[in-house]
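A quick write-up on the structure given underneath.
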Amino acid sequence: MKRVFAIAFVFAASHALAQETFKLGVVSFLSGPAAESFGIPAVNGAKVVLEAFNKGQAPAPYNKVGFGGVRIEPVYVDENGGATKQVQELRNLYDREKVDAVVGYVGSGDCLAVAPVAEEMKKFLILYDCGTPRIFEDRQYQYVFRTASHAVMDNVALARYLKARNIKAASINYINQDYAWGHDSRKDFQLAMAQLYPDSKAGADLLPKFGAGQYGTEISALLSRPTDVTHSSLWGGDLQALVLQGAPRGLFKGTQFVFSAADHVLPGLGDKMPDGVILGARGAYGQMSPKSALNDWWWKLYQDAYKVYPVQAPYRMVQSLLGLKLAVEKAMSANGGKKPTPEQLAAALKNSEWDSPAGRIRMNLGDGHQATQDTAIGRTKYDAARKMVTLVDIQRFNADCVNPPPGMKGEDWIKANFKGAVCK
C-alpha cells in the first residue's frame, strides 16, 4: 500500500511540474520612435529564443526544454509611455500577472525608475539594456541585475578607436539626448577624450529632448561650428531622424561623426547612412560579432525568422535570456527541481558567467549584479552589390580594456587614466 502511495505521489508531482510554467515578463518598446529599430527587434529575438528553449532546440548547455523542464510562458509589455507608467506596469506584472521574473527596459530613465520598485517588492528583475552606469554605481541591489555592459564601455571604446587610428580630434561637437543616457554618454566620452586627447576643445554641446524627431535647429548649430569630431549617443528613431535630416545638408562632411550605439539603425537606413561614420553597437554585435558555433546558431535562427540579420537589441535580449536560463536551472538543481524563489534565482545569477553569441558575459561589477563584456567599433561603408551598409575597419576591445574594474566607478576609473586596464 505504501509503495502504491509513493508511486502515486511521484506521478502527481511530475504531472504538476509538467503543468507548471515559468511566467516571464518581457518589456521593450512596441510603439513609439524607439520601436521599429530597437524595441520590436528585441522582442522578436525573445520570441524565437524562447520558442527554441521550449522545444529544447538550443545548443548545449542551453538545450534543456524550457527552464529545467518547465515551459516558459512569456508576457510582453510595451515600454512606451514614460517612467511613471512603467513603474505601474512592473507592479502589474508581479501582482496581477504573477510573473516569476521580468526581463526588460531600454530607456535609462525607465531603468532608474523600476529598479528600486522591484527591489522594494523583492521580485527578480533583469535589465537587458539601458546604459546609465548609475543603477549599480549609486546603490546596491539583491533582486536586480543588468546582463550587459553599461555606457562607459561604449564611449571609452570610441575614444580608444580614434586614438589607435590617429584621427585628429582637436575640437569636438556634441549632440546627445537630454536624459540620463545622453548626459552620462557625453560625460564619459569627454572624460575619455581628456585622457587620450588632453588638448582637445569642446564646441557645440546640444541636448535635444528624447523623441524630439526634428533636428533642423541642431543641424544648423553643428554646421555653424565645424569641428574635427562630432559625438552622439542618439539612438532609435531620433538617430534615424538626425541622419535623414542631416545628410542632405552636408552634416557628415568635414567632421568625423562617432556614434556610441548605432548599428541597430543600419538595416533600416540602408544607403541613406553616409560612409565613414564610426560607430559602436554597445557590444560585439551584428556584423561585429565573433565567430562561434553559438553565434552561428543565433544568427541563423533570427535571420530565418525575420529575413534580416540581428543587431544590438536582439543580441542584448538573447544574452540576458541565456544567462537567466542557466541561473534558473542552477537554482532548480539545488532545490530539488522546484521553481526557484526570487532569492534563490538572485543567488544563482550573482557573480555568474556564461557564453553568449557576442562572447563571454561576466557578472563582475556592482557586487556581482552588473555585467561586463567585449565590444567592437567599426566604420560604415555601403555595399551597392549587397544593398546594405557594411562595417569595415573593425577593431575589437576586450572587456578589461574598456570597462572599469570591480569596486571602481566608471567616472573615477577614466579620471585615473583607466587604472588597471588590460588591453590585449
Does the ring center of F145 lie less than 6.0 Å from the ring center of F136?
no

Do D205 and N173 have side chains that approach each other closer than 4.5 Å (heavy atoms only, starting at C-beta)?
no

Judged by atom type as modelled, is there a donor-acceptor pair below 3.5 Å linking the side chain of W413 to the main-chain atoms of V152?
no

Keeping the roles fixed (side chain from S260, backbone from D154), state whether a donor-acceptor pair exists under 3.5 Å.
no

State, with a plain yes or no, whether a side-chain heavy atom of F397 is found less than 4.5 Å away from one of I377.
yes

Would a 4.5 Å heavy-atom cut-off, applied to side chains only, mark Q240 and L242 as touching?
no

Salt-bridged, R360 to D374, with N to O below 4.0 Å?
no

Does NZ or CZ of K163 fall inside the cone over Y197's six-membered ring, less than 6.0 Å from its centre and within 45° of the axis?
yes

If you measure from the Lys or Arg side-chain nitrogens to the Asp or Glu carboxylate oxygens, is any gap between K123 and D100 under 4.0 Å?
no

Would you say the side chains of Y105 and E79 form a donor-acceptor pair under 3.5 Å?
no

I need the C130 SG to L112 CG distance, nearest 0.5 Å.
7.5 Å

side-chain contact (heavy atoms from CB on, under 4.5 Å) evaluation trace for K47 with Y76
CA-CA 10 Å; K47 287 178 178 178; Y76 295 101; 3.2 Å; yes

Is the backbone N or O of Q373 less than 3.5 Å from a side-chain atom of S149, with the two atoms forming a donor-acceptor pair by type?
yes

Is the shortest heavy-atom distance from the side chain of R282 to the side chain of R316 under 4.5 Å?
yes

Would you mind reporting whether R71 and F22 have side-chain heavy atoms less than 4.5 Å apart?
no

Under 3.5 Å, side chain of H264 to main-chain N/O of G236, donor-acceptor pair present?
yes

For P404 and M408, which heavy atoms make the closest approach, and how far apart are they?
CB-O, 3.6 Å

Could you tell me whether the side chain of E119 and the main chain of Y141 form a donor-acceptor pair under 3.5 Å?
no

Distance from L158 atom CG to F259 atom CZ, nearest 0.5 Å?
10.5 Å

Answer yes or no on whether K387 is positioned over the face of Y382, meaning its NZ or CZ is under 6.0 Å from the six-membered ring centre and within 45° of the axis.
no

Just how far is it from atom CD1 of I167 to atom CG of L162, taken to the nearest 0.5 Å?
5.0 Å

Carefully, step by step, assess K419 and D412 under the rule salt bridge (Lys or Arg N to Asp or Glu O under 4.0 Å).
CA-CA 9 Å; K419 182 180 180 181; D412 296 337; over 6 Å; no

Within 45° of the six-membered ring axis of Y143 and under 6.0 Å from that ring's centre, is NZ or CZ of K122 located there?
no

Could you check if a side-chain atom of L321 sits within less than 4.5 angstrom of a side-chain atom of Y128, using non-hydrogen atoms only?
no

Where K85 and D78 come nearest, the two heavy atoms and their spacing
NZ-O, 4.1 Å

What are the two closest non-hydrogen atoms of A83 and G109, and how far apart are they?
CB-O, 4.0 Å

So, for S352 and W354, which heavy atoms are closest and what is the spacing to 0.1 Å?
OG-CZ3, 3.5 Å

What class does the angle between the rings of F189 and Y174 fall in, given that below 30° is parallel, 30 to 60° is tilted and above 60° is perpendicular?
perpendicular

Please lay out, stage by stage, how Y285 and Q319 fare under the test side-chain hydrogen bond (donor to acceptor under 3.5 Å, both in side chains).
CA-CA 11 Å; Y285 301 141; Q319 75 188 37; 3.1 Å; yes

Of all the heavy-atom pairs spanning A46 and V26, show the shortest one and how long it is.
CB-CG1, 4.2 Å

Could you walk me through whether K350 and D367 satisfy the salt bridge (Lys or Arg N to Asp or Glu O under 4.0 Å) test, starting with their C-alpha distance in whole Å, then the side-chain angles of each, then the deciding distance to 0.1 Å, before giving a yes or no?
CA-CA 8 Å; K350 183 177 179 179; D367 192 31; 3.4 Å; yes

For K415, is there any backbone N or O sitting under 3.5 Å from a side-chain donor or acceptor partner on Q195?
yes

Counting only heavy atoms not in Q303, do more than 12 fall under 6.0 Å of its CD?
yes

Scan side-chain atoms only and decide if N155 and H231 contain a donor-acceptor pair under the 3.5 Å cut-off.
yes

Donor-acceptor pair between Q177 and D238 side chains, under 3.5 angstrom:
yes

Between Q312 (side chain) and V265 (backbone), is there a donor-acceptor pair under 3.5 Å?
no

Mind checking the CG-CD1 spacing from D188 to I414? Nearest 0.5 Å is all I need.
4.5 Å

Does F257 form a side-chain contact (heavy atoms from CB on, under 4.5 Å) with I278? I'd like the steps, not just the answer.
CA-CA 6 Å; F257 254 89; I278 293 170; over 6 Å; no

Pairs touching residues 22-46 that satisfy salt bridge (Lys or Arg N to Asp or Glu O under 4.0 Å), sequence neighbours left out:
K23-E97

For a quick check under 3.5 Å, do N295 and Y315 share a side-chain donor-acceptor pair by atom type?
yes

Can a side-chain donor-acceptor contact be found between Q256 and R379 if the only test is distance below 3.5 angstrom?
yes

Less than 4.0 angstrom from a charged side-chain N to a carboxylate O is my criterion; do R91 and E120 meet it?
yes

For G39 and S28, work out which heavy atoms get closest and say how close.
CA-OG, 3.3 Å

Relative to each other, are the rings of W235 and F38 parallel, tilted or perpendicular (30° and 60° limits)?
perpendicular

Does a donor on one side chain sit under 3.5 Å from an acceptor on the other, for S185 and N176?
no

Is the cationic atom of R160 (NZ for Lys, CZ for Arg) positioned less than 6.0 Å from the six-membered ring centroid of F418 and within 45 degrees of its normal?
yes

Output for pair (R139 CZ, E137 CD), nearest 0.5 Å, gives 14.5 Å

Residue of the set D400, N398, N364, N403 for which side chain to side chain donor-acceptor pair (under 3.5 Å) holds with T372
N364

Charged N to carboxylate O under 4.0 angstrom, R146 versus D129?
no

Please examine the side chains of V106 and D110, heavy atoms only from C-beta on, and report whether any two atoms are closer than 4.5 Å.
no

With a cut-off of 6.0 Å (strictly less than), are more than 12 heavy atoms of other residues, nucleotides or ligands near NZ of K209?
no

The reported gap from OG in S292 to CH2 in W298 (rounded to nearest 0.5 angstrom) is 12.5 Å

List the steps and the verdict of side-chain contact (heavy atoms from CB on, under 4.5 Å) for T21 and F67.
CA-CA 9 Å; T21 65; F67 286 164; over 6 Å; no

Basic-acidic side-chain contact under 4.0 Å: K325, E329
yes

Does T375 form a side-chain contact (heavy atoms from CB on, under 4.5 Å) with R396? I'd like the steps, not just the answer.
CA-CA 6 Å; T375 194; R396 302 187 184 283; over 6 Å; no

Does the side chain of L266 reach to within under 4.5 Å of the side chain of L279, using non-hydrogen atoms?
yes

